[in-house]
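A quick write-up on the structure given underneath.
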Amino acid sequence: MANPSILDQPDAARKVDQHNMLELCEKTPQFCAEAIELTREIDIPCEMPQNVIFAGMGGSAIGGELIHDWLRDRATIPISVCREYTLPAYADEKTLVIPVSYSGETEETLSAFAEAVRRKCKVLTLSSGGRLQSLSKELGITHVCIPEGFPPRAAIAYLLFPLAVFMGRLGVVRERSGEVEEALRVLRQVSEESKRSVNFEDNAAKRLAAEISGTVPVVYGFLHYNAVARRIKCQFNENSKVPSRFEVLPELNHNDIMGWEAPQDLLGNFSLIFIRDLLEPPEIKVRIELTEEITATKTKRVCSIWAKGKQKLARMLSAMHIGDFASIYLAIMSGVDPTPTNSITQLKQEMNRRLDKTRNHERKTQSLKRQHAKG
Ligand code: F6R
């Protein structure tokens with residue numbers, strides 16, 4: 001049985017959160033500043049590409065997704081995210097491919113990386129080590145090395161901010177003055193308001209966790225809150241260990257909304273979380289209100305996460321950070337350690353075993369080096 005009172009008992013909460021996920025979340029603004037610092041020394045190897053593809057999976061793909069949403073109405077070239085083994089057909093020597101893998105060992109990302117090299121794309125890699133780092137070194141490809149020892153999803157600062165800085169340096173986008181600084185300031189504010197020492201009544205993230213406890217949370221975002229909605233859904237999966245879904249307006253009004261016509265005994269197990277923003281366009285505001293009206297009596301709870309800040313980046317990241325905190329609080333309330341992701345680990349190990357990856361990789365690496373050497 002979930003126990004919200006544990007959230008205001010730091011010692012008891014720490015016994016559940018054995019690997020300190022909450023502390024990592026509280027320190028995210030500090031990590032963001034460190035991540036920006038880390039990029040200062042790095043030389044971007046190429047000029048403005050014709051398009052950019054971020055290749056990564058899970059927690060390592062979300063940085064690219066956030067960049068995509070942030071720059072969608074400003075970037076002068078297409079930006080996409082590849083969460084697969086293979087790159088889209090249009091990837092060529094004018095494409096900048098950025099494989100991102102926290103561990104540097106994710107097979108889909110390594111496969112996309114190898115393909116980028118074979119197709120002679122411009123390549124820049126980011127990881128905390130692993131084969132992505134060693135191969136990049138061997139092939140003379142610029143690699144951004146981020147600190148190790150984090151669960152990938154808790155390293156969001158390092159998986160996002162270097163990419164944001166590089167987009168500016170490459171000329172993909174001109175940073176509006178103070179946008180990154182505002183994002184850091186607002187993230188600090190959210191951390192201050194959501195940290196463990198702020199009591200339940202004053203802590204929106206703790207209250208959100210209590211409201212959705214015992215339900216399948218469905219996160220509804222809109223427009224540039226696509227990646228944020230996905231991130232929060234994944235945080236509920238990985239930190240809280242509960243099923244979760246996300247959908248985005250206006251599209252969800254054309255299909256997902258029909259799901260709420262299901263029998264009440266099924267719907268009573270779901271809660272809905274709307275991502276809200278005081279600057280949301282009028283047509284989105286009306287769509288949210290209507291969707292709320294239609295779903296209110298069907299789900300167990302309807303809640304909101306309100307974005308903070310003025311500029312887009314701050315608003316996106318503030319909503320994400322509140323969701324991150326809520327997912328950890330939900331885990332702690334349920335007596336679940338947020339950090340271990342046993343099923344993911346087990347699946348990766350079993351994939352390696354069944355596909356005999358070690359030998360396979362060795363062969364692929366050798367052929368990649370030979371091809372690269374031929375130029
Ligand atoms: C997040 C998480 C996963 C990984 C994903 C890819 O904490 O554990 O979503 O991010 O399995 O692994 P990496 O990030 O090492 O490429």
Side-chain angles (χ1 to χ4, degrees), residues 17-25 27-28 31 35 53-67 81-85 87 97-116 123-136 143-163 219 227-246 320-321 323-328 330-331 336-352 355 357 361:
D17 180 16
Q18 289 176 27
H19 301 81
N20 295 326
M21 183 64 88
L22 192 50
E23 189 184 335
L24 294 177
C25 191
K27 285 186 174 164
T28 293
F31 299 144
I53 301 175
F54 296 105
M57 303 302 296
S60 289
I62 208 74
E65 296 265 8
L66 289 163
I67 298 276
V81 178
C82 170
R83 293 173 179 264
E84 296 182 39
Y85 286 90
L87 294 173
V97 178
I98 309 186
V100 177
S101 165
Y102 183 77
S103 61
E105 288 293 337
T106 298
E107 64 164 36
E108 298 93 319
T109 315
L110 287 168
S111 158
F113 166 69
E115 206 182 350
V123 186
L124 167 69
T125 59
L126 187 146
S127 76
S128 68
R131 262 173 293 180
L132 191 57
Q133 181 183 38
S134 54
L135 274 169
S136 300
H143 176 264
V144 183
C145 186
I146 59 175
E148 52 187 1
F150 288 75
R153 59 195 178 282
I156 180 70
Y158 298 101
L159 296 164
L160 167 66
F161 277 92
L163 308 182
V219 186
V228 173
R230 182 198 279 267
R231 159 76 175 189
I232 297 173
K233 173 256 179 212
C234 294
Q235 293 288 75
F236 286 134
N237 296 147
E238 295 178 56
N239 289 339
S240 328
K241 279 78 163 161
V242 293
S244 181
R245 295 175 43 229
F246 84 99
M320 182 190 81
H321 205 34
D324 284 359
F325 270 106
S327 70
I328 300 168
L330 180 59
V336 169
D337 184 350
T339 302
T341 44
N342 296 342
S343 300
I344 296 177
T345 311
Q346 186 191 338
L347 190 130
K348 286 182 180 179
Q349 283 168 351
E350 199 53 23
M351 280 294 291
N352 281 343
L355 295 178
K357 270 281 143 19
H361 267 302

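One-based numbering along the sequence shown. For ligands, and for the atoms within them, numbers begin at 1 and follow the listed sequence.
- Considering all non-hydrogen atoms of both residues, Val219 and Ile232 come closest at CG2-CG2, 4.0 Å.
- If you take NZ on Lys348 and OG1 on Thr106, they are separated by 4.0 Å, rounding to the nearest 0.5 Å.
- How far CG of Leu132 is from OG1 of Thr125: 4.5 Å, rounded to the nearest 0.5 Å.
- The one candidate from Leu22, Asn239, Thr28 that meets the side chain to side chain contact (heavy atoms under 4.5 Å, CB included) condition with Phe325 is Leu22.
- The nearest heavy-atom contact from the protein to atom 14 (O) of ligand 1 is Ser60 OG, 2.5 Å.
- Scanning all protein heavy atoms for the shortest distance to atom 13 (P) of ligand 1 gives Thr106 OG1, 3.2 Å.
- Scanning the protein heavy atoms around atom 7 (O) of ligand 1, the nearest turns out to be Arg153 NH1, 2.8 Å.
- Side-chain contact between Cys234 and Arg153 is absent, with no heavy-atom pair separated by less than 4.5 Å.
- Residue Glu105 places no heavy atom under 4.0 Å from ligand 1.
- Not a single N or O atom of Ile344, backbone or side chain, sits closer than 3.5 Å to an N or O atom of ligand 1.
- For atom 2 (C) of ligand 1, the candidate residues are Glu238, Met57, Lys348, Arg83; the nearest heavy-atom contact is made by Glu238.
- Note: no N/O pair closer than 3.5 Å links Thr341 and ligand 1 by distance alone.
- Looking only at heavy atoms of the protein, atom 9 (O) of ligand 1 is closest to Gly59 N, 3.0 Å.
- Against a heavy-atom cut-off of under 4.0 Å, Ser101 is close to the following atoms of ligand 1: 13 (P), 15 (O), 16 (O).
- The protein heavy-atom contact nearest to atom 15 (O) of ligand 1 is Ser103 OG, 2.6 Å.
- Atom CG of residue Leu126 and atom CD of residue Gln133 lie 10.5 Å apart, to the nearest 0.5 angstrom.
- Below 30°, between 30° and 60°, or above 60°: for Phe31 and Tyr158 the angle between ring planes is between 30° and 60°, a tilted geometry.
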